[in-house]
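Worksheet for the structure shown next.
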Amino acid sequence: MSRAPRTTSEPPRLGFCCTFIPDPDPQHKTLKAAKDAAKLMNLGTVTMAHLERLGPAARFEKLEGVVRHNLAALERQVAWVAARPPLERLLRMASSVLPGYTHPVAQPLYAEPALRDRIAAGLARIGEQARAGGVRLSMHPGPFCIIASRNPNAQANGIAELEYHAEVMAMLGYGSGWHPHGAHVNIHIGGREPGIEGFRENLSLISETARNLLTVENDESLFGLDAVLRLGDRVPVVLDLHHHWVESRGEYLEPDDPRIQAVIASWRGVRPVSHISVSRESLLPDHDPGALPDFPALSGQGHSWRDLAAHSELMWNEAVNALVARHLVWSDFEIEAKGKNQASVPLAARIGRDREAAAA
DNA sequence: GAGGGTCAAGTCCGT
DNA sequence: ACGGACTTGACCCTC
């Protein structure tokens with residue numbers, strides 16, 4: 001197995017996930033103008049039910065139109081990220097680039113050379129631009145993407161879904177080698193059964209390309225950090241600090257925690273990626289932004305586990321932000337805030353300022 | 001254009 | 001038993 005290139009010497013990066021939110025801009029005189037601006041930058045989709053209702057020609061045209069838009073939008077997202085300061089050059093791509101890729105209604109359309117060639121050319125170009133611009137790319141398939149399930153059908157669909165993500169990555173130019181340029185496709189374990197051992201066994205059922213891109217993330221209830229670290233010899237672990245806080249009922253991991261070394265080791269030479277988010281600001285309107293949220297205390301005040309797990313709009317908590325800055329020594333970060341770039345850009349600016357001040 | 005129903009898929013939690 | 005949440009509410013139809 002190839003391990004090059006190493007990225008541990010890479011500079012730190014953080015970024016937003018999937019969707020770009022334009023700045024509130026007086027240029028956009030109407031709500032519609034603002035919405036149109038957002039549409040240009042973001043990927044769309046089409047429902048399989050809608051495609052199914054169309055005749056053969058309209059069906060192809062509809063899907064082709066969406067895919068064309070998505071390739072153009074993804075290219076604009078990558079270009080936008082590439083133009084940001086180095087600290088911000090990381091992007092989680094939306095999974096909807098090629099809607100319904102594994103669905104029987106859309107599958108035959110994707111086999112048409114006209115569409116296939118357009119996709120291959122478009123993604124190759126985007127990948128080149130990402131690499132030229134120093135943008136680290138990832139994908140995070142949805143909850144349906146599980147590689148081990150008690151339900152054989154669900155498992156087959158889940159593996160197909162993972163292979164779809166791996167194919168997109170391959171077309172972008174990340175199809176061979178161990179997490180090339182830090183690229184990865186990150187999933188959760190899924191169901192309680194067959195759990196970690198089922199996951200490990202089923203690694204043999206996925207392609208080498210997918211295995212080379214796969215990472216596994218700790219979740220907030222069933223499979224916490226200790227559980228996913230049991231896969232660390234085979235699969236890099238994406239540490240979600242917020243999930244860990246929820247799962248452990250209040251622990252914020254520090255960089256010197258021994259478990260961090262295990263996470264780093266699981267990436268085998270590649271600079272890790274971690275996730276961060278914080279409980280919703282609307283849930284905690286009176287919370288001190290300078291203090292880390294205290295899970296037992298908040299629970300005691302009647303906040304449910306579910307509510308505390310939900311993500312905030314912005315990175316409102318400075319103590320959490322300072323924690324991210326400390327962890328950036330060893331890991332990149334995907335900022336999982338509903339406000340997307342509106343949350344990640346100010347966070348990066350704050351961290352950038354602090355780093356400059358410390359260097360001066 | 002606005003509003004409401006629909007959307008491929010798994011699994012768990014809370015009610 | 002069913003709705004909501006997760007990654008991410010967006011899409012589609014009707015008025």
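Just so it is clear, the structure is predicted and the values come from calculations on it, not from any experiment. In the text below, chain A, chain B and the rest are named by the order of the sequence lines, each starting its count at 1.
If you check every strand for non-hydrogen atoms under 4.0 Å, A/Thr102 touches a base. A/Gly44 comes within 4.0 angstrom of sugar-phosphate atoms only, judged by non-hydrogen atoms across all strands, and of no base. Across all strands, A/His311 comes closer than 4.0 Å only to sugar-phosphate atoms, never to a base (heavy-atom distances). Nucleic acid contact class of A/Glu220 (heavy atoms, under 4.0 Å, all strands): none. As judged by a 4.0 angstrom heavy-atom cut-off over every strand, A/Ala49 is placed among residues touching the sugar-phosphate backbone only. Heavy atoms of A/Ser221 sit nowhere under 4.0 angstrom from any nucleic acid atom. As judged by a 4.0 angstrom heavy-atom cut-off over every strand, A/Val46 is placed among residues touching the sugar-phosphate backbone only. In this structure, A/His50 reaches the sugar-phosphate backbone alone: every heavy-atom distance under 4.0 Å involves primed, P, OP1 or OP2 atoms, never a base. Using a 4.0 Å heavy-atom cutoff across all strands shown, A/Gly142 reaches at least one base atom of the nucleic acid.
Judged purely by distance below 3.5 Å, without hydrogens or angles, the side chains of A/Gln107 and A/Thr102 never pair a donor atom with an acceptor atom. Using a 3.5 Å distance cut-off with no hydrogens or angles, the side chains of A/Glu167 and A/Tyr101 do pair a donor with an acceptor.
Between the NE2 atom of A/His140 and the P atom of B/dG10 there is a distance of 18 Å, rounded to whole Å. Following rounding to the nearest Å, A/His303 (NE2) and B/dG14 (C1') show an atom-to-atom distance of 17 Å. The nearest whole Å value for the distance from the CE atom in A/Met48 to the C1' atom in B/dA8 is 8 Å. For A/Leu63 and B/dC7, the CG to P distance is 18 Å, given to the nearest whole Å. Between the CD1 atom of A/Ile159 and the C1' atom of B/dG10 there is a distance of 14 Å, rounded to whole Å. Note: NE2 (A/His188) to C1' (B/dC12) measures 13 Å, nearest angstrom.
Taking the six-membered ring wherever Trp is involved, the centroid distance between the rings of A/His184 and A/Trp267 falls below 6.0 Å. For A/His242 and A/His311, the distance between ring centers is under 6.0 angstrom.
B/dG10 has no stacking from A/Phe144 on its base ring, since the centres under 5.5 angstrom apart and planes within 30 degrees of parallel are not both found.
Between B/dC7 and C/dT8, the distance separating the two C1' atoms is 13 Å to the nearest Å. Rounded to a whole angstrom, the distance from the P atom of C/dT7 to that of B/dC13 is 15 Å. A distance of about 15 Å separates the C1' atoms of C/dA5 and B/dA9, rounded to the whole Å. Using P as the reference atom, C/dC12 and B/dA8 are 10 Å apart when rounded to the nearest Å. Taking the C1' atom of each, B/dA2 and C/dC6 are spaced 29 Å apart, rounded to whole Å.
Remark: A/Arg192 is in phosphate contact with B/dC13, judged by side-chain N or O atoms under 4.0 Å from OP1 or OP2. The phosphate of B/dG14 has neither OP1 nor OP2 within less than 4.0 Å of any side-chain N or O from A/Ser304.
Between A/Glu254 and A/Arg259 there is no salt bridge, since no side-chain N of the basic residue sits under 4.0 Å from a carboxylate O of the acidic one. One finds no salt bridge joining A/Arg13 and A/Glu88 here, because no Lys/Arg side-chain nitrogen approaches an Asp/Glu carboxylate oxygen to under 4.0 Å. The pair A/Glu75-A/Arg125 meets the salt-bridge criterion, with a side-chain N (NZ, NE, NH1 or NH2) lying under 4.0 Å from an Asp/Glu carboxylate O. Using a cut-off of 4.0 Å between Lys/Arg side-chain N and Asp/Glu carboxylate O, A/Glu52 and A/Arg59 are scored as not salt-bridged. Contact check on A/Glu10 versus A/Arg136 returns no salt bridge, with no Lys/Arg side-chain nitrogen under 4.0 Å from an Asp/Glu carboxylate oxygen.
Residue order along DNA chain C, read from the 5' end via each residue's closest nucleotide, puts A/Ala309 first among A/Lys338 and A/Ala309. The residue among A/Arg306 and A/Lys340 whose nearest nucleotide of DNA chain C is located toward the 5' end is A/Arg306.
Panel note: side chain A/His327, backbone A/Leu253; a donor-acceptor pair is recorded below 3.5 Å. Of the possible donor and acceptor atoms, none in the side chain of A/Ser96 sits under 3.5 Å from a partner among the backbone N and O of A/Pro99.
Heavy-atom contacts of chain A under 4.0 Å fall on DNA chain C between two terminal nucleotides, which in 5' to 3' order are C/dC6 to C/dC13.
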Map every base of DNA chain C to its dot-bracket character, where paired means a Watson-Crick or G-U wobble contact with both distances under 3.5 Å and | marks a partner outside the strand. ||||||..|||||||
